[in-house]
> 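Mind looking over this structure? Questions follow.
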Amino acid sequence: MTLLWIPLLTLLGVLVPVFTERYGRGVLSLATATLPAVALALTLLQIPTLLEGDIPRVSLAWLPELGLDLAFRLDGLSLLFALLILGIGLLIILYAAFYLSAEEASGRFFAYLMLFMTAMVGIVMADNLLLLWLFWELTSLSSFLLIGFWSHSSEARKGARMAMTVTGAGGLALLAGLLLLGDMVGSFDLGVVLESGDAIRADSRYPLMLVLVLLGAFTKSAQFPFQFWLPHAMSAPTPVSAYLHSATMVKAGIFLMARLHPAIGDTALWGWIVTLTGMATFLYGAWFALIKTDLKAILAFSTVSHLGLITVLLGVGSPMAILAALFHIINHATFKGSLFMSAGIIDHETGTRELSKLGGLRKAMPVTAVLVSLAAAAMAGVPLLNGFLSKEMFFTELLDTPLLGGLGWLLPTLATLGGILSVAYSLRLVHAVFFKPAKESPPKSPHEPPHLMRLPVELLVTVCVLVGIIPAVLATGLLDLATRAVLGEALEFHLAIWHGFNVPLLMSVLALAIGILVYAMHSHIRRLARQFAPVDARRSFEQGTQTLVAATQAITLRLENGSLQRYMSLLLGASLLLATLGLLDLPTLAGDKPSQPLDGVLILGAALLIFGAVGTAVTHRYRLISLLMLSVVGLLVSLTFARFSAPDLALTQLSVEVVTMILLMLALFFLPQKTPRESTAKRNIRDLLLAGSLGMVVASLNYAVLTRDMSSIAHFFMENSIPGGGGHNVVNVILVDFRGFDTLGEITVLALAGLAIFKLLNRLRLFMPHSDGEGRLWSPDRYPMILTSVSQALLPLALLVSAFIFLRGHNQPGGGFIAGLIAAVALILVYMARGVEWAQSRLDFQYQPVAIAGVAVATLTGLGSWAFGRPFLTSAFGHFHLPILGDFELATAMLFDLGVFLAVVGATLMILANLGKLTTPHRPSKEPATTTPGKEKKS
Amino acid sequence: MRPEVALPILIPLLSGAISLMFWRSHFMQRLVAVAGSGALLLTSLWLMASVNADGILVMHMGDWEAPFGITLVADLLGAIMVVLTGIIGFAVALYSLASVGRGHEAFGYFPLMHLLLAGVAGAFLTGDIFNLYVWFEVMLVASFALLILGSEKPQMEGAIKYVTLNLLSSVIFLTAVGLLYGLVGTLNMADIAQRLSQVEDNGMIDVLAVMFMVAFGIKAAAFPLFFWLPASYHTPPVAVSALFAGLLTKVGVYALFRVFTLIFNQSPDYTHEIMVWGAGLTMLSGVLGAAAQFEFRRILSFHIVSQIGYMILGLALFTPLAIIGGVFYIMHHIIVKTNLFLVSGIVKRLRGTYELKRLGGLYKSHPWLAILFLIPALSLAGMPPLSGFFAKFIVIRAGIEAEAYGVTFIALLVGLLTLYSMTKIWAEVFWKAPPEPRDDDKEIPAISHRELWQLYVPVVGLALCTLFIGLNGQPIYALAEASAEQLLDPARYIEAVLGQGGEVTP
């Protein structure tokens, strides 16, 4: 369980800065450092166990079904990285305490830093591939937050997003790779995966998986051609650059390759891809480190270059190469970490990182000068420093590798070339900053930093020197454990400074000598380099995304131009396509059922229906005529219902027709009577084709269905209507009983529609047209006498009819819905004949409550059955006898029907009254002189 | 009798009615809003517990045996969806207290909200295909009324497109239901499923399946049927957007899940293959559309589309793991997307605009809001260990296991672009320094402590849900797994509805 505490402590450490920030910088940094220090101690305490050959592991189930466990291990490889992460992390905390200025949100900074540390510790200790990936993404996120810490700077924001996008992309490739890997092995447990190397390499999906995993590793470790994000991540505060972008995070990719090497390494494909990518990166980084002029950019490119070097070694993959890779990871972390921190010190003290503005700092900062010189010498591979040792091993391994076969000499040659460049840029770094006289003076007058700020650098440089002199004492133990973890067995090796005169030594000497020469000719080289247009990675990246955005904008605009017609046509087109595809698969359209005989009435009806439908579309510009055409369609539909013996439906359809026609007429009053021509001929043809073919497809489908046999549940309704529902009118019993729940929903829709229209009209400011389309004034005789008197006489009669229809509904055509519509029509007539004001003053109540009361009555009726322990909406009925009136029947369904009635009347009149209100004289109307026909639209 | 099966529909229906009765009372409307949605949440949890304990629950409306009456059915998927409806309804009701102005309240914001929830719950619980249509209509009209609540010009324009395109979906749906009835002569979904298995004419079934796919695809905002969504979702008050974003499209997705596991499972090679490509294109077109946007809510709207693609992909791959992924994705997405809209509303309240160019500096001034944005945003992008990671992970793993590499690649790519899009909002709204004030900036009324509190509470609650799903994914996964098991074994559903043996003699 101790193992679990190591990541847990750092995770808890995220909270510490948040709570201690208010006590000042000193307390803050000390408190922040406490938990990782304990974690470091815990890690060190595990070493004895490791030395005994055990690997401490711990595992808790998280989502076992998916193969995700909270599993950690601490083998030698994890140990090496954990020590680096925690150790350097502590130094960085100390350094950052001085680096950040007083007004900066240091609490937030430290919190992010701790989050990052947790993520890194998680990666290196994860014993489960999915858990590893989880922490992997967390490093991307925390690095995003840290790079963008100075969020006011656009550089920082863009750099952060670029890093996030590139490493995020790699992360997703890695996820796919790991999923494939897990699928091959059947487990995400690291132990199982590492032991299944042979099975993995034999799998047909191996190449795909390898490429995906390597994509993840390469993007994270800034390998060519994904190196471009790293230099731009340097807009982060320097502690971040030192920690994330040189010592730890960028090594996560390398760690991953080392970690998975036993499982997926050791094939020709691995060797080729990894070695060549590493070599390209090694040279590319070294070259740009030589020609950049910003201190941090130089260090960034040299980091890229060294990452390449390590990658090459992992690609070569021999036991000694692995050893060299691991050794160089330690060495690079020490010398590059100290160099970055020194660069931060120089930046801090002089106010610039530009080489041209620096120079001669040896006098002002003598101690720093010594430290930087030593670290740079280690970087260049000068003997007696740690960098020399691992570089020697690098040369040795490249001489021995069988890769590239006959062209085997190429790798050592390129390596020497890279070595030369390293020497040159290291020399340039030291010389240009400390020794060369300054051309111009820096913004601030430089002096030594506070000693505590310099302390981390001093410690790291001491390590460089000591390891360089007595490697066998200091590094052997750790490397032994780490190589054992990667190779699975102990490796016999001996670290020494002197191996006698041999080729690698010659290569080192050559690199040193020529490197110095190259630096001497440095100005020529820079002139040469200047002839090539510099490629600004960030700009290309931005351009790339800009192009993408522009392209998507273009596509989006093409698809989505805001035109409803366009959307409709796309939608209908898609439906047409899919339905047609289906129809094409049908062997025959017609089924087995014979057609009904045709007669003259049917043909005439069909012809009229078609005429009405086509007419509606053709005359759409003349709204009134179009509306009349539509009413023809409606009428014929109700006749069709009547023809096929559905009197209920016919009645309903008819009353719905009447009400909608009246309401539409009212609405048309406010619209111009004729609309201008809006569609081009081309569009008309498109629409015609679309509508025509859709019509044919739907007709074919109908035909296909109607000619096929089916047995329906209809007979049940016929049989049960009287015994079960207590009504002879099956349609009504279906509406209020069998499928009463549908009706409940539908009256809700109706009430809602009333509300929506109420809302729509309420704030509408319409102008009343004073004349018709031809400019004729409306008749001054507003309420025709005959209509007035007739309507008044009709009202009670119609209400009576409505009541009659309602009451008989359960047994004969009728019911709440139709009755409601009839009552509504009668009231509408009064409104029309007498005007809104007259009617409103006499029918003075709100209609919303009526509609909603309908819904409530229906719902409560349904709930009533619960009181009797029956399901919702269970109906009951009985026959009663009253004197004089005789036998009659009462059913709860009637109460439900009353709800329907109320909802229909309420909603319809709500719409009407609100439309009507618009026409009252209180509304503004336009002056006759200013109106032109066809122009009166919404104001 | 199990009242909890019907209560999630009836409670909001009655709350809506009561709320309308107290049309003029500001206080009562708000009281009913909180009490009604709270009661809905509680009953939904009750339903979940019952379904978990006793399996699929049914209620025959009017005591008419299936398939003759209308049957309510609550299986695990239905119960999960109802719980999510309860959570979102309650969160949005709380949020609305501070964010919906009195003007909107006067025109029935709260009653409409209740009725919308009733429609959503009805759609999730009904076992009858025509009744599903009815609840779709309730939702459509209620959402239309909510869209036009402000009567502003862009709202009207958006609402017209919304209602027209959705009515088209209704027409197709209704036509398909009619044709289906013509083929099998029944409307109960379990009965349809059973009778369809006896129909030999597979060609006819496929045509009908495709029509349902189109009808529900429009509702779910799948490619190329999604245009109504980005045209309208950014126009209404933010509480309305949040409600829509969380629930409406998911009803379409739910309907696809229901119909294409229960009824149209005969030829997945044909129907589900179409869906695989539809899902891929939906993911892509949504995320690319988002890349071109620079308005907070428009970006979020386009991401709804792309996320719908993942859910449909889960259904389309049609393996147990993929269905689990789809269900998990729905659970995660509803919470996260609603929350993002709610956060955008707070930003709007603080700064008076949704335009990224005119926002900035909130990281410094409101660090907690920044964190509250980051949680759902990163979750949406699939960052571990948040809920979205597991959702995406399961779907992608299912894709790899099904060897559907093309569409899996799209899913991964879209994840990356989503992340890019979220960092865009983050950089512009939170990191960037606030832009210089402009002359046409409106005065932003000072925000009271109480108001801010009311806005924050639901956002924090939903963020906690996201974290909970992420860190404690096991029970959620188990739930999704159990519901996927039910979905892939339609016989259980049929048996629950039609009784033992499932045979009904016509």
> Sort Met383(B) into side chain, backbone, both or neither according to what part of it lies under 4.5 angstrom from a heavy atom of chain A.
side chain
> Taking atom OH of Tyr405(B) and atom CG of Leu208(A), what is their separation to the nearest 0.5 Å?
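Rounded to the nearest 0.5 Å, the OH-CG separation comes to 6.5 Å.
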> Which region of Ala173(A), side chain (C-beta onward) or backbone (N, CA, C, O), has a non-hydrogen atom less than 4.5 Å from a non-hydrogen atom of chain B, or is it both or neither?
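When you check distances to chain B, no heavy atom of Ala173(A) falls under 4.5 Å.
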> With a 4.5 angstrom heavy-atom cut-off, is it the side chain or the backbone of Phe144(A) that approaches chain B, or both, or neither?
both
> With side chains defined as the heavy atoms from C-beta onward, is the minimum distance between Met422(B) and Met164(A) less than 4.5 Å?
no
> Measure distances from Leu145(A) to the heavy atoms of chain B and classify the residue's part below 4.5 Å as side chain, backbone, both or neither.
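Both parts, backbone and side chain.
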> Please classify the contact of Leu321(B) with chain A as side chain, backbone, both or neither, using a heavy-atom distance under 4.5 Å.
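Leu321(B) touches chain A through side-chain heavy atoms alone.
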> Nearest 0.5 angstrom please: Ile172(B) CD1 to Leu694(A) CG, how far?
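One finds 8.0 Å between CD1 of Ile172(B) and CG of Leu694(A).
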> Can you tell if the side chain of Phe738(A) reaches within under 4.5 Å of the side chain of Phe68(B), non-hydrogen atoms only?
no
> Between Met213(B), His60(B), Lys161(B), Met21(B), which has the largest tally of heavy atom pairs under 4.5 Å with chain A?
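Most heavy-atom pairs within the cutoff with chain A belong to Lys161(B).
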> Roughly how far, to the nearest 0.5 Å, is CG of Leu172(A) from CG of Leu416(B)?
6.0 Å
> For Ile218(B), is it the side chain, the backbone, both or neither that has a heavy atom under 4.5 Å from a heavy atom of chain A?
side chain
> By a 4.5 Å heavy-atom criterion (distance strictly below it), what part of Trp62(A) contacts chain B: side chain, backbone, both, or neither?
both
> Using a 4.5 angstrom heavy-atom cutoff, name the option from Asp63(B), Thr126(B), Val207(B) with the most pairs to chain A.
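With the most close heavy-atom pairs to chain A, the winner is Asp63(B).
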> I'd like to know whether CZ of Phe409(B) has more than 12 heavy-atom contacts from other residues, nucleotides or ligands below 6.0 angstrom.
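Not buried by this count: 12 neighbours or fewer within 6.0 Å.
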> Below 4.5 Å, heavy-atom pairs only: which of Tyr270(B), Trp135(B), Phe302(B), Tyr420(B) has the largest tally toward chain A?
Tyr420(B)
> Please classify the contact between Ile757(A) and chain B as side chain, backbone, both or neither, with a heavy-atom cut-off of under 4.5 Å.
neither
> Answer with side chain, backbone, both or neither: which region of Arg108(A) has an atom nearer than 4.5 Å to a non-hydrogen atom of chain B?
side chain
> How are the rings of Tyr567(A) and Phe227(B) set relative to one another: parallel (under 30°), tilted (30 to 60°) or perpendicular (over 60°)?
parallel
> What part of Leu168(B) gets closer than 4.5 Å to chain A, counting heavy atoms only: side chain, backbone, both or neither?
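For Leu168(B), the contact with chain A is made by the side chain alone.
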> Please state whether the side chain, the backbone, both or neither of Leu419(B) comes within less than 4.5 Å of a heavy atom of chain A.
side chain
> So, does Arg739(A) use its side chain to make a donor-acceptor pair with the main chain of Phe130(B) at under 3.5 Å?
no
> Provide the closest heavy-atom pair for Leu412(B) versus Ala176(A) in the form atom of the first, atom of the second, distance.
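Where Leu412(B) meets Ala176(A) most closely, the heavy atoms are CD1-CB, 3.6 Å.
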> Identify which part of Ile18(B) has an atom lying under 4.5 Å from any heavy atom of chain A, answering side chain, backbone, both or neither.
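The answer is neither part of Ile18(B).
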> If you measure from CZ on Phe144(B) to CG on Leu760(A), what distance do you get to the nearest 0.5 Å?
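Taking CZ in Phe144(B) and CG in Leu760(A), the distance rounds to 5.0 Å.
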> Kindly assign one of parallel, tilted or perpendicular to the pair Phe389(B) and Trp133(A), based on the angle between their ring planes and the thresholds 30° and 60°.
parallel
> Considering all heavy atoms of both residues, which atom of Pro385(B) and which atom of Leu134(A) are nearest to each other, and what is their separation?
CB-CD2, 4.0 Å
> Looking only at non-hydrogen atoms, find the nearest pair between Thr552(A) and Ala291(B) and report the distance.
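Nearest heavy atoms, Thr552(A) then Ala291(B): OG1-CB, 4.1 Å.
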> Identify which part of Asn188(B) has an atom lying under 4.5 Å from any heavy atom of chain A, answering side chain, backbone, both or neither.
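When you check distances to chain A, no heavy atom of Asn188(B) falls under 4.5 Å.
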> Using 0.5 Å steps for rounding, measure from the CZ atom of Arg157(A) to the CD atom of Glu428(B).
7.0 Å
> For Leu564(A) and Ile160(B), which heavy atoms make the closest approach, and how far apart are they?
CD2-CG2, 4.1 Å
> Quick one: what part of Thr175(B) sits under 4.5 Å from any heavy atom of chain A, side chain, backbone, both or neither?
side chain
> Lys392(B) versus chain A, heavy atoms under 4.5 Å apart: side chain, backbone, both or neither?
neither
> Looking at every non-hydrogen atom in both residues, tell me the closest pair between Tyr363(B) and Ser151(A) and how far apart they are.
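Where Tyr363(B) meets Ser151(A) most closely, the heavy atoms are CD2-OG, 4.0 Å.
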> Show me the donor-acceptor pairs, under 3.5 Å and distance only, between side chains in residues 571-578 of chain A and residues at least two apart or in other chains.
from      : atom 1 : to        : atom 2 : distance (Å)
Ser575(A) : OG     : Leu571(A) : O      : 2.7

> To the nearest 0.5 Å, tell me how far Leu13(B) CG sits from Leu860(A) CG.
9.5 Å
> Ile274(B) versus chain A, heavy atoms under 4.5 Å apart: side chain, backbone, both or neither?
side chain
> Look at the rings of Phe716(A) and Trp64(B) and say which category their plane angle falls in: under 30° parallel, 30 to 60° tilted, over 60° perpendicular.
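Ring orientation of Phe716(A) relative to Trp64(B): perpendicular.
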> Leu744(A) versus chain B, heavy atoms under 4.5 Å apart: side chain, backbone, both or neither?
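Answer is side chain: those atoms of Leu744(A) sit under 4.5 Å from chain B.
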> Which one of Pro384(B), Ala145(B), Gly473(B) has the most heavy-atom pairs closer than 4.5 Å to chain A?
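If we count pairs closer than 4.5 Å to chain A, Pro384(B) comes out on top.
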> Could you tell me whether the side chain of Phe393(B) reaches within less than 4.5 Å of the side chain of Leu130(A), counting heavy atoms only?
yes
> Given a strict heavy-atom distance threshold of 4.5 Å, which part of Ile555(A) is in contact with chain B: side chain, backbone, both, or neither?
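Contact with chain B: none, neither part.
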> Between Glu401(B), Met204(B), Met211(B), which shows the greatest number of heavy-atom pairs under 4.5 Å with chain A?
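Looking at each option in turn, the highest pair count goes to Met204(B).
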> Could you look at Trp228(B) and say if it's the side chain, the backbone, both or neither that has a heavy atom under 4.5 Å from chain A?
neither
> Quick one: what part of Val184(B) sits under 4.5 Å from any heavy atom of chain A, side chain, backbone, both or neither?
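Interface part for Val184(B): backbone (N, CA, C, O).
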> Given heavy-atom pairs under 4.5 angstrom as the criterion, report whether the side chain, backbone, both or neither of Glu65(B) touches chain A.
neither
> Does Leu68(A) form a side chain to side chain contact (heavy atoms under 4.5 Å, CB included) with Phe390(B)? I'd like the steps, not just the answer.
CA-CA 10 Å; Leu68(A) 174 61; Phe390(B) 292 104; 3.5 Å; yes
> With a 4.5 angstrom heavy-atom cut-off, which part of Ile734(A) approaches chain B: side chain, backbone, both or neither?
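Nothing of Ile734(A), per the 4.5 Å heavy-atom cut-off to chain B.
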> How far apart are the closest heavy atoms of Gly745(A) and Val134(B), and which atoms are they?
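Closest approach of Gly745(A) to Val134(B): CA-CG1, 3.5 Å.
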> Can you tell me which portion of Thr165(A) sits under 4.5 Å from chain B's heavy atoms? Options are side chain, backbone, both or neither.
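Both parts, backbone and side chain.
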> With a 4.5 angstrom heavy-atom cut-off, is it the side chain or the backbone of Asp742(A) that approaches chain B, or both, or neither?
both
> Below 4.5 Å from any heavy atom of chain B, which atoms of Leu175(A) appear? Answer side chain, backbone, both or neither.
side chain
> What residue in Gly399(B), Gly203(B), Ala292(B) has the most heavy-atom pairs under 4.5 Å with chain A?
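Between Gly399(B), Gly203(B), Ala292(B), the count favours Ala292(B).
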> Tell me, side chain or backbone of Leu115(B) under 4.5 Å from chain A's heavy atoms, or both, or neither?
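Interface part for Leu115(B): side chain.
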> Take Leu581(A) and Val210(B), measure what side chain to side chain contact (heavy atoms under 4.5 Å, CB included) needs, and give me the verdict at the end.
CA-CA 9 Å; Leu581(A) 281 180; Val210(B) 168; over 6 Å; no
> Shorter than 4.5 Å, heavy atoms on both sides: which option in Ala169(A), Ala579(A), Ala851(A) has the most such pairs with chain B?
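Of the candidates given, the most pairs with chain B belong to Ala169(A).
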